[in-house]
Amino acid sequence: MARINPKFTTELQSYGAFDTNACYNCGNCTAVCSLSDEDNSFPRKMVRYSVLGLENEIQTSLEPWLCYYCGDCSTTCPREAEPGELMMSLRRYLTSKYDWTGFSGMLYKSLSISVIAFVLLAVGVIWFASSLNFEPELLLHYGHYFEMSAIGSVFLLILFPNLIRMWNMVIRKPKVNVSFSAYLKSFSELIVHMFTQKRTLGCDDSQTRWFQHLILVIGYLSLLFTTVFLDWFATNSSFILILGYLESVVIFSVTFIFMIGRLNKKTQVSKNSHPSDWFFVIWLFLMGLSAFVVRLFIDLDILETNIWMYLIHLTVLVQWAVIIVPFGKWTHFLYRSFAMYFEKLKSLSVS
Amino acid sequence: MKKKIGVYVCHCGGNISDYVDVEKVRAEIEKDESVFLSKTTMFACADSNQKDMVTDIAEKQLDGAVVASCSPTLHLLTFSAVAERAGLNKYNYIHANIREQASWAHSDDKVGATKKAIQIVKAAVAKVKRSNALEPFRVAATNAVAVVGAGIAGLRSAIQLAESGAQVYLIEREFFVGGRVAQWDDLFVSNETGKELITRLYDRAMNHKNITLFTGAEIIENSGSVGNISLKVRISPRHMKLDCNEGNLGRAIEVCPVVVPDKFNFNITTRKAIYHNFPGEYPQLPVIDMEHCTRCGECEKVCENVDFSQKDEFLNIKVGSVLLATGFDPYEPKDDEFGYKTIDNVVTLPQFKRLVHYCDDKLVYKGKEVKNIAYIYCVGSRQVDGENKYCSRYCCTATIHAAITAKKKYKDLYNFHFNRGIRTYGKQEVLYDESSRLGDIYLQSFEDHPPVVSKEGDKTIVTINDILTADKTLEVEADLVVLVTGMVPRQDNSIGSLLKIPRGRDNFFNEIHMKLRPVETVIDGVTIAGASQGPKNIMESMNSSLAAATKSFSLIAAGELALSPTIAKIDVDNCLWCGKCDDACPFNALTKTDVDGKQIAVVNGSVCKGCGMCMPVCPSNAIELIGYTDDQIESMIDALVSTD
Amino acid sequence: MGAEKVNKSPKILVFSTEKISDPAIDMAGLLKLHYPPTVYTITVPCSSGIKSKWILHALEQGFDGVFIAADGTDCPYGESCVDKTGQLVGATQELLKQKGMDPARLKMAAICSVCSEPFVKHVKSFTNYLMNSSN
Amino acid sequence: MEVEKGKTAKYRKEKNPVAKEVMENLKYFTKTKKILMDALKEGDKTVPQLSKALNIPGDEVLYQLMSLMKYGFVETGDLDDMDEYFYYKIKDNGKDKS
Amino acid sequence: MSEKKILEYDVLVVGGGISGGEAALNLANLNYKVLVVEKDLSLGGKMIALSKVFPTLDCAACITTPKVSEISRHPNITIMFSAEAKKIDKIGEHNFEAHVHQKPRYVNIEDCTACQLCEKACPVSVIDEYQQGLVGRKAAFIPFSIASPRAAAIDIINCTLCGACERVCPTGCIDFTQTDNDFIVKTKAVVVATGFNLFDPLKIPRYGYGKYKNVITSMQMERQLAPTRPFNTILRPGDGKMPDNIAYVLCTGSRDKSVGNPICSQVCCMYSIKQGQLLMGSLPMADVTIYYLHIRAFGKGFNEFYDQSKDMGVEFIKGKIGNITEKENGNLILRYEDIEEGKVKEAEHDMVVLSVGVMSNSEISDSFQGESLRLDDYGFINQNDILASPAETNIDGVFVAGTATGPMDIPDSILSAGAASAETTSYLRRASL
């Protein structure tokens, strides 16, 4: 027995959903979806739960993470109820439900809060830099130090607890009975999905989209590795140097293509974007671009006289690490991979 | 006896020839020496074959014709017309039904079907041999139509008939016109209210000199037949003189001590024994409800227009045709059907609409503000256990429209539609779309597993197993439960039984042919319009009332009618006038007359309907029905039992 | 049951009415509700206008049974049809008795305009009755 | 302008020449008709059999066959053993006409 | 250009389908002179091509033909075939001038005896549009066996002008010298009864119509079930197999904003149910499954008919078909969500019928000069005063009947035609007063 809550769709709207109520439950979206199957019939189920406001059912669902938003459901929806957009919104909704700090929800729901957060961080970086008298060497040193510690703490303090919360919502609370060995056996699934996002391939239209994604993920991760662990800005090894250049070029060119796509609004995916999507791609682009320029300035020996360039890079980096990675769209990549993992666990569960 | 009969056996494109060996039928019938020509044809009704028949009959001077094809209800008229075009009197044409009654009925037995078809055609030939040319009775048709019921359908057809040039008697049983639509506010598709629509039609009708309106009026007697129908109308008094002084009237209503539930508002409000339906209704004159009036005389003291001396009046009118637009009744749920009358916040859709009419900025029922409304569809329609198997057609759209109206009128209102499959057909679909977008929630139950309304403490809970959520059990706490009651036929069928209008499976008036003749009835001269024929929305009622007006008018337009000559005939030699036939005739068509000093019966041709009820009671077998004479029937019997 | 009884289906004459029972019988055909092809129909305007004379003629000329598909209360000529049809059936059965015929060879039932299934049921059971009673 | 009755087609042809596609359609129909009839002369066949033997898609075979049936050249035979496909055969009285 | 002939009538009825015909008959019976302009070669519109009608299961041809022949022989009715009203001018009240263009038939109807010798002689075979392309017809042809008028016509576009038809015609009624005719029709009122178009399923590529041969439209099935059917029985067009598992895809092109038609077509549920019943009758071993969103069985006797079909064994599954794919053997896989179970499923059928919707046929609105004939949001003719005078358009003196106003079934069309003739009568009487 479940009590209907008609107000829930209003809440979902703040996460970007719209026209969900127009659904007349024909099931066309589920039928055209190339990723849905008998055990995971979506998106209509999610649409229905949303309309009825069955929050508990939504929170225990993994379906929103199984969708890669090819947009077929929305383009063929007879009622123009935008099921694809709803799935996207549900991912944002779930992200904020997983997040123990509550920041995700605030940032998703309010553009002004997001902007204020970005500005505050920028001011903080400049204030910090001024306390160091804009000394390039010190800045680079602390910058690198920040990178190292940020990655660790974000994972440890925010993302890890959130993943535990997600596990709690979808596995423990609904009493899915999973053996310990299943956790180990399915672990490979997690790794594969995390690095390849191979499920997108199931979407009929998106061979190129998947390829772009793959390149981006590889480029992004390796740039991270190059700057943080290989200390790209301080290295003398020409191999690392060129590697870093290549990676940043790849990141900003692929994100550039993404942005153009969003501006042209051609594909369904890009038709209705949420600010958080924009922050994600713009910052990714800026990261690649600014890292590239900083290294270029170092190589041209003009960074010392143009330390503002490094400050821009550092600001972008801090914003990325403090907002987008723990609370923004970046987490989707993590939750999605885990969702695949939990899904596998569910299928292995003893009922 | 005829000698040159033409017989046509139809394949009906296989419908007949797949089971009946039509060639054999033809060959068998050819053996009859009176059969001059016999043919088979793919489609007897096709234009080319009709042409051929005309040529055959005319050129070969046939004196009788038989077509063996489908049911005479389909094509008897077609082929009698063919006969007439060829110059053969249509009563020398006989139709043999070898499809419905042979090929289709016995598609399991081709030999039997063929044999039966042969006998049927032989009987038809036997009958046509003994048929005579007949000419129709021509009677003058009165250029007047009685329209029964002054709801939208009645008003509209009255206007149409008057504008076409007929005299119209508009007879309304209630004291106010407008029927059900007067009880509704905003109407779907237009921006007007029910009252405004009625006002528009009423003004148009009252401004036409050809229309006479009677309110509080009922037809109590009926005689005659199409073209010349005599009706006796009883007009109940309003007990109110015309030309009222508004102020005094208002006071009269004020002082009346009697308070009764107001039927116009489906009993959600009360009224006095002297009452209006609503301010500005038509005719704009209150009425005293004598059923509840205590005759205390208070009203008389303050208003000089009250007149208790008025009595029933009786009026005889003559019309050429009658148009029935008697409408429907809303289904009245049984006690405890979805909590009706047992749970205090359960109302019907008509009551809900009146409630919305009376509540301005807050929807309040029984002192409690309403935020969540549960609509339960198909109450009294599509019944699994009950009698009403039909769909009431209008209610899905009406409910959604009412829900949208309420949602827009009141803040923070939530609508929950517990339905069995929404049927917003045609353009009404956009309303369904609109309501969904406004946030209305639709829940669908299995047909045999309706939602349950129950009381939990002081809360009313509606529970459903929702098809749309994979049969999950869901519940809503409702402040108001609206039972979407369908249309049922008028409980009081007095006019129907008076005019002998047959009713269909659903008990609504039955049309003569569901597809192509939807406003005509088996009773010549009587047409049916609006929801009296079956559930309809306003536009459909309008279409049907206009169509019915056209059919009624075309009967009388020419000023003359041709009536069927197949009536009773008295054998003057044998009749001894015992009066039994007169007793048996329901139409008073037989009277005593004196012929050469002998008392015999005589038939009034324009009144006799040719039923034959007088025949079996005649002790001297002195009555025959033209077209069904002893000779014809007995020879048909002989043909049916004959063995080759 | 003897073999010849099975082979020979009794002949039944149905007096049916144009507006009420004819449509039902037609619909039985439309719905392919089968009944024996030895059931024949003669249409009259109203079931209360059937003469005993005709019934006797039919039974004497070789029909095994006569079935009156009566209008019942649906009769377009008025509800008196019910009584009148009943009376004429009663009177005719009396006549049959006098003539030494089985009065049950005449049967009547009201067949409304959509009563296709009842009609088929009636003629089938009548056929069975006549089959068992003959010889 | 008087054109002799019975020869009006020729008159029209002079004024409005026939389109190439129309002539090609005629050629195609005549050809298909011939090979279908030839195949059926060898024995009754079902649509899939004809399709396989003549290497013409099934829908095209059915369409042409049904047209030929309508024009009175072919008729339906028995059902195959699986009650799925009908055999088609050359109509007896259809042989002499073309 | 030859000089235009001038004709005078009381009423011009555009469209000779069941609505136009009914309106014309009503008016003619009241002694008005009526001209019916029909763009096809025969009367009866879409109805005459149907198999049977719901819920009475009367044979559609059987009940249409008497009506049609009544129209064609009414002394007050003139019918012009292959004709279109190209321009309609309202000059003043009760004064319209219509330019009617008539294409030649190349056959003199009066002389044709429908002997079919020309058909036999014609060497050309082209797609028969009356049979929905399921078989061919000749270029010299009688439109269909119950056509009214039953007279031959020449399909000039596909004719090779071989002259064979002319040579065999016993009455010499074929005449290739015929040319286009133009008429000026002076009339007092106009009734528009131009009917509807069927939805073109090619607009939904994921249903595979056109690509998969065993996916057909409901109109093609209607023809297969009709007494004048193109095949000897029900066959699937891909390879002539007798189908034993047939699926109906409801709401193909209706209630679907993604193809630009948000409204319900009102008839598809019922005709699909009817076809289901007929199929179970003619193929007793066959399974019929109807995939639906909501069953709209709202009219008189409809719900009972729907219940009856369930009792007969027609299966109803709630769920819209997402897409259709073809298997090697021509069978089709339908993917849908079974709503009642909430699960996506795939089902195999050997034939699929797309229950295509009713679309507007708005061409006529362009013919009106000056004040144009207003259309509603869906392209149907706008009803000016829908609740009080449903047959009125925005132009006084122009009335509308039948499916030109929106989707509707046969009785509703008849009622609507009744309304149109009623309003026309009132309008004409105003002229004479």
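Lettering follows sequence order; numbering is per chain, from 1.
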**OP:** Could you check E:Val267 against B:Tyr425 for side-chain contact (heavy atoms from CB on, under 4.5 Å), going step by step and ending with a plain yes or no?
**Re:** CA-CA 9 Å; E:Val267 290; B:Tyr425 55 91; over 6 Å; no
Subject >> Under 4.5 Å from any heavy atom of chain B - which part of E:Lys67 >> reply: side chain
Subject >> Presence of salt bridge, E:Arg430 and B:Glu163, under 4.0 angstrom >> reply: no
Subject >> Part of B:Asn465 within contact of chain E (heavy atom distance under 4.5 Å) >> reply: neither
Original post:
If you take all heavy atoms of E:Ala297 and B:Arg423, which pair is closest and at what distance?
Top reply: O-NH1, 2.9 Å
Original post:
Looking only at heavy atoms, what is the nearest atom pair of B:Ser554 and E:Leu30, with distance?
Top reply: CA-CD2, 3.9 Å
Original post:
Any side-chain donor-acceptor pair under 3.5 Å between E:Asn303 and B:Arg393?
Top reply: no
Subject >> Carboxylate-amine/guanidinium proximity below 4.0 Å for B:Lys427 and E:Asp376 >> reply: yes
Original post:
What part of B:Ser71 gets closer than 4.5 Å to chain E, counting heavy atoms only: side chain, backbone, both or neither?
Top reply: neither
Subject >> Structural part of B:Ala557 lying under 4.5 Å from a heavy atom of chain E >> reply: side chain
Subject >> Over all atoms of both residues, closest heavy-atom pair of B:Glu429 and E:Pro262 >> reply: CG-O, 3.3 Å
Original post:
Relative to chain B, which segment of E:Met408 carries a heavy atom at a distance below 4.5 Å: side chain, backbone, both, or neither?
Top reply: neither
Original post:
Contact part of B:Tyr390 toward chain E, heavy-atom cut-off under 4.5 Å: side chain, backbone, both or neither?
Top reply: both
Original post:
More than 12 non-hydrogen atoms from neighbouring residues, nucleotides or ligands closer than 6.0 Å to CG on E:Asp311, yes or no?
Top reply: yes
Subject >> Between B:Lys536, B:Met42, B:Arg200, the one whose heavy-atom pairs under 4.5 Å with chain E are most numerous >> reply: B:Arg200
**OP:** Please look at E:Ser413 and chain B and tell me whether the side chain, the backbone, both or neither of the residue comes under 4.5 angstrom of a heavy atom of that chain.
**Re:** neither
Subject >> Most contacts with chain B, counted as non-hydrogen pairs under 4.5 angstrom, among E:Gly342, E:Ser69, E:Ser265 >> reply: E:Ser69
Original post:
Between E:Lys310 and B:Glu447, is the closest basic N to carboxylate O distance under 4.0 Å?
Top reply: yes
Original post:
Of the backbone (N, CA, C, O) and the side chain (C-beta and beyond), which part of E:Arg429 lies under 4.5 Å from a heavy atom of chain B, both, or neither?
Top reply: side chain
Original post:
Quick one: what part of E:Tyr306 sits under 4.5 Å from any heavy atom of chain B, side chain, backbone, both or neither?
Top reply: side chain
Original post:
Taking all non-hydrogen atoms of both residues, which atom of E:Pro390 and which atom of B:Asn543 are closest, and how far apart?
Top reply: CG-OD1, 3.3 Å
Subject >> Winner by heavy-atom pair count (cut-off under 4.5 Å) against chain B, out of E:Ala391, E:Cys269, E:Ser389 >> reply: E:Ser389
Subject >> When E:Asp338, E:Asn31, E:Ile263, E:Asp377 are compared by non-hydrogen pairs under 4.5 Å with chain B, the top option >> reply: E:Ile263
**OP:** Check each atom of E:Leu428 against the heavy atoms of chain B and say whether the ones under 4.5 Å are side chain, backbone, both or neither.
**Re:** neither
**OP:** Output the option from B:Val519, B:Asn15, B:Asp433 having the highest count of non-hydrogen pairs under 4.5 Å with chain E.
**Re:** B:Asp433
**OP:** Give the minimum heavy-atom separation between E:Ala388 and B:Arg156, together with the two atoms involved.
**Re:** O-NE, 2.6 Å
Subject >> Top contributor to chain E interface from B:His513, B:Lys51, B:Arg517 [non-hydrogen pairs under 4.5 Å] >> reply: B:His513
**OP:** Go through B:Arg85, B:Arg204, B:Glu192 and name the one with the most non-hydrogen pairs under 4.5 angstrom from chain E.
**Re:** B:Arg85
Original post:
Which region of E:Asp385, side chain (C-beta onward) or backbone (N, CA, C, O), has a non-hydrogen atom less than 4.5 Å from a non-hydrogen atom of chain B, or is it both or neither?
Top reply: side chain
Original post:
At a heavy-atom separation under 4.5 Å, does E:Leu387 approach chain B through its side chain, its backbone, both, or neither?
Top reply: both
Original post:
Given a strict heavy-atom distance threshold of 4.5 Å, which part of B:Arg420 is in contact with chain E: side chain, backbone, both, or neither?
Top reply: neither
**OP:** Counting only heavy atoms closer than 4.5 Å, note whether B:Phe188 contacts chain E via side chain, backbone, both or neither.
**Re:** backbone
Original post:
If you tally heavy-atom pairs under 4.5 Å against chain B, which of E:Thr64, E:Leu415, E:Asn29 wins?
Top reply: E:Leu415
**OP:** Give the intermediate values and the outcome of side-chain contact (heavy atoms from CB on, under 4.5 Å) for residues E:Arg296 and B:Thr424.
**Re:** CA-CA 8 Å; E:Arg296 264 123 199 222; B:Thr424 43; 3.0 Å; yes
Subject >> Min side-chain heavy-atom separation B:Glu511-E:Pro411 under 4.5 Å >> reply: no
Subject >> Which atoms of B:Leu197 approach chain E - backbone, side chain, both or neither, heavy atom under 4.5 Å >> reply: side chain
Original post:
chain B heavy atoms under 4.5 Å from E:Glu340: which part of the residue, side chain, backbone, both or neither?
Top reply: both
Subject >> More than 12 heavy atoms of other groups within 6.0 Å of B:His208 NE2 >> reply: yes
Original post:
At a heavy-atom separation under 4.5 Å, does E:Ser426 approach chain B through its side chain, its backbone, both, or neither?
Top reply: both
**OP:** Nearest 0.5 Å please: distance from the OG1 atom of B:Thr550 over to the CG atom of E:Leu25.
**Re:** 12.0 Å
Original post:
Are B:Tyr442 and E:His294 close enough that their ring centres sit under 6.0 Å apart?
Top reply: no
**OP:** Would you mind checking which part of E:Glu70 comes under 4.5 Å of any heavy atom in chain B, side chain (CB onward), backbone (N, CA, C, O), both or neither?
**Re:** neither
Original post:
Does a salt bridge link E:Asp307 with B:Arg382, judged by any charged N lying under 4.0 Å from a carboxylate O?
Top reply: no
Original post:
How long is the gap from CG on B:Leu516 to CD1 on E:Ile410, to the nearest 0.5 Å?
Top reply: 7.0 Å
Subject >> Top contributor to chain E interface from B:Thr78, B:Thr469, B:Ile467 [non-hydrogen pairs under 4.5 Å] >> reply: B:Ile467
Original post:
Which distance, rounded to the nearest 0.5 Å, do you find between the CD of E:Gln383 and the CE of B:Met539?
Top reply: 5.5 Å
Original post:
When only pairs under 4.5 Å are counted, which of E:Thr56, E:Asp409, E:Ile295 shares the most heavy-atom pairs with chain B?
Top reply: E:Ile295
Subject >> Cation over ring face, B:Lys515 and E:Phe54, 6.0 Å, 45° >> reply: yes
Original post:
Taking every heavy-atom pair that is under 4.5 Å apart, which of B:Ala558, B:Ser545, B:Ser48, B:Ser541 has the most such pairs with chain E?
Top reply: B:Ser48
**OP:** Quick one: closest heavy-atom pair of E:Lys300 and B:Phe508, and the distance?
**Re:** NZ-CB, 4.2 Å
Original post:
Which bit of B:Leu201 comes within less than 4.5 Å of chain E, counting heavy atoms only: side chain, backbone, both or neither?
Top reply: side chain
Subject >> Heavy-atom contact with chain E under 4.5 Å, split by part of B:Ala81 >> reply: side chain
**OP:** State the CG-CD1 distance between B:Asn537 and E:Ile386, to the nearest 0.5 angstrom.
**Re:** 8.5 Å
Original post:
So, are B:Lys551 and E:Glu22 salt-bridged, with charged N and O less than 4.0 Å apart?
Top reply: yes
**OP:** Specify which of E:Cys264, E:Ala147, E:Gly418 makes the most heavy-atom pairs with chain B at under 4.5 Å.
**Re:** E:Cys264
